[in-house]
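Written out below as structure tokens is the structure these notes cover.
As the structure is a prediction and not an experimental result, all values here were calculated from the model.
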Amino acid sequence: MRKFYLFVIAALVGSMTFTSCSNEDNAQAGDDTPSTVKAKVGIIIYGNAGGNMDELIESYFFDKVAPLLSDSSNVRVGVCYKYGRDKANVIAIPGGETITIPHTFTGKYAKSGQVVLFELTSKTPLSSGSLGENYGTDWPDMKMYDEGTLAEVIDYFKATMPAEKYIMLIYGHGGGWDSQNDYVREAPATGLARAVTRGVLYDEWSEAYIGSDALDMYEFRRAVEKSQIPHFDGLFIHSCLMGNMESLSDIYALSDYTICSMHTLVSSLETMVSLVKQLQKDDDFVTASKAMLKECYEVSDKQYTEENGDMKLVDNKEFAKLLPICKKLSSRLQAVYPEKKTEIDDATKKDVYRIDDTNIFVDLQYYAEQMAKATGDAELKAIADELGAQMKKTIMAGNNFYHSPKSKGVKPDFSFSVVALDKTTYQKEGGVNYSFQTAYEYTNFHKQTEWGNWLNTVESNPTLDNPMGGEE
């Protein structure tokens with residue numbers, strides 16, 4: 001889908017193909033002109049959220065960061081952001097019923113449905129409607145989840161915002177891995193319900209499904225790989241539930257380091273603002289990220305009132321080394337299950353840590369430890385210990401927040417989430433024409449770990465009696 005190109009892009013990047021604006025498009029050229037000044041770091045922000053998150057990115061990021069960006073040779077920030085809906089989305093579901101998804105527009109710098117593409121600087125005109133007037137276009141049907149759109153945005157900033165190295169920052173709603181969404185094929189029929197959270201980023205303007213359609217991890221990976229920046233110095237996924245083994249296993253190779261959370265994020269974007277500040281002091285992503293996590297701990301901890309949370313800095317080369325250990329864990333669990341079925345099923349139902357009460361994710365490290373404890377199996381214990389040692393190398397720094405009354409006093413040193421469910425659910429077809437198993441075994445995580453073989457063996461699910469991080 002190549003409808004995205006504004007005439008601004010055509011003027012600046014003449015070598016790129018584009019589809020010109022329609023009569024309804026109202027984009028105007030601002031002061032976004034090509035620069036020969038090469039920054040130390042270029043940050044590309046790609047987002048779509050809607051609701052109060054439009055207000056958040058304006059008041060808690062644009063307003064706070066713009067005054068800092070006066071030196072184009074240091075850190076430069078490019079933004080592609082799609083503003084949310086201003087009306088309810090009524091979706092028909094099977095059976096003749098409807099679901100109403102409320103939307104209240106909160107943006108002030110552009111109109112509902114506008115896409116703004118601009119470099120944020122100390123001179124950016126931030127006032128009512130100004131972004132939409134100077135850097136925007138009315139394209140509510142422009143799909144932020146289309147991999148061609150993302151690739152073109154990356155190429156645009158590569159051409160207009162030269163830098164020694166680049167960081168990608170995703171801002172929006174995420175959902176970790178989802179069998180109905182994170183698969184190569186789309187749902188075949190209209191009206192089928194798909195999960196509201198999906199993959200990396202969702203676009204609430206799509207009328208095709210319940211409230212949204214979104215960028216999945218495969219589309220994200222292909223977009224980056226085909227772009228002019230096929231590898232980033234760092235990737236900051238400011239989206240919920242993305243510290244997930246299934247998701248990260250398909251995108252970890254796109255950057256040296258990743259910042260993510262396996263919980264639902266509760267944030268006023270202080271981490272995004274702090275990262276810009278820290279990179280201005282030191283352009284090393286690791287140094288800046290560690291300083292950001294340290295600076296933001298107290299304010300972030302206060303925002304998690306009845307939920308658990310986390311944010312971590314991940315070394316992606318070390319992350320890759322987790323996968324063969326997970327394969328050993330899957331294999332050993334399958335081997336001991338016939339003899340230790342009762343112990344494993346009981347531990348699964350009450351002892352493993354669920355991320356929240358709606359998703360099928362558990363904390364991987366804590367899961368391995370509880371399985372070893374329940375079975376008393378020496379080999380499982382050795383695998384859990386090996387996994388824990390590699391986790392310490394993989395997670396370079398991180399903040400954990402413990403405030404959920406549902407966690408029952410359990411405070412794991414949070415690792416990454418992983419899917420946990422029984423084989424009946426694993427084999428079952430959902431609201432699409434393929435099974436959970438078919439979608440799961442398409443993931444890079446399964447291909448390298450055979451984790452799906454364990455899901456196709458175990459007969460128990462984590463229940464609401466398990467310690468949990470809170471509601472989604």
Legend entry - Check against side chain to side chain donor-acceptor pair (under 3.5 Å), Y109 and D63: CA-CA 11 Å; Y109 294 151; D63 290 350; 2.6 Å; yes
Checking side-chain polar atoms at under 3.5 Å, does [X] have a donor or acceptor matched by the opposite partner on [Y]?
{"X": "S415", "Y": "D363", "value": "yes"}
{"X": "Y440", "Y": "E246", "value": "yes"}
{"X": "Q280", "Y": "N74", "value": "no"}
{"X": "N444", "Y": "S249", "value": "no"}
{"X": "Q365", "Y": "Y353", "value": "no"}
{"X": "D54", "Y": "Y81", "value": "yes"}
{"X": "T438", "Y": "S435", "value": "yes"}

Inset, instruction - Check whether NZ of the Lys or CZ of the Arg K312 lies under 6.0 Å from the centre of the six-membered ring of F416 and within 45 degrees of that ring's axis. - result: yes
Legend entry - Face-on cation placement of K290 at F285 ring, 6.0 Å and 45° thresholds: no
Inset, instruction - Applying side chain to side chain donor-acceptor pair (under 3.5 Å), run through E58 and Y83 and close with a yes or a no. - result: CA-CA 11 Å; E58 290 180 332; Y83 279 81; 2.7 Å; yes
Count the heavy atoms belonging to other residues, nucleotides or ligands that lie under 6.0 Å from [atom1] of [X], then report whether that count exceeds 12.
{"X": "K165", "atom1": "NZ", "value": "yes"}
{"X": "K327", "atom1": "NZ", "value": "no"}
{"X": "Y60", "atom1": "OH", "value": "no"}
{"X": "K447", "atom1": "NZ", "value": "yes"}

Legend entry - W177: which of F445, Y218, W451, F436 passes ring pair (Phe, Tyr, Trp, His ring centres under 6.0 Å): F436
Legend entry - Passing option when K226 is tested against E147, E219, E152 for salt bridge (charged side-chain N to carboxylate O under 4.0 Å, His left out): E147
Legend entry - From CA spacing to verdict: ring pair (Phe, Tyr, Trp, His ring centres under 6.0 Å), F414, H263: CA-CA 10 Å; F414 295 132; H263 290 88; 4.7 Å; yes
Inset, instruction - Apply salt bridge (Lys or Arg N to Asp or Glu O under 4.0 Å) to K393 and D315, showing your working. - result: CA-CA 8 Å; K393 296 177 182 178; D315 183 331; over 6 Å; no
Legend entry - Contacts of S300 that satisfy side chain to side chain donor-acceptor pair (under 3.5 Å) - sequence neighbours left out: E270
Inset, instruction - Kindly write out the residues that satisfy side chain to side chain donor-acceptor pair (under 3.5 Å) with Q437, not counting sequence neighbours, or none if the list is empty. - result: E441
Legend entry - Trace of the side chain to side chain donor-acceptor pair (under 3.5 Å) decision for D310 with N399: CA-CA 5 Å; D310 73 294; N399 291 335; over 6 Å; no
Legend entry - salt bridge (Lys or Arg N to Asp or Glu O under 4.0 Å) evaluation trace for E119 with R76: CA-CA 7 Å; E119 180 179 353; R76 299 178 69 174; 2.7 Å; yes
Inset, instruction - Please round to the nearest 0.5 Å and tell me the distance separating atom CD1 of I355 and atom SG of C240. - result: 12.5 Å
Legend entry - is_close_aromatic(H403, F401), centroid dist under 6.0 Å: no
Exercise answer: donor-acceptor pairs, residues 252-259 side-chain atoms, under 3.5 Å, sequence neighbours excluded:
from, atom 1, to, atom 2, distance (Å)
S255, OG, Y257, O, 2.9
S255, OG, N316, ND2, 3.1
D256, OD1, H231, NE2, 2.8
T258, OG1, N316, OD1, 3.3
T258, OG1, N316, ND2, 3.1

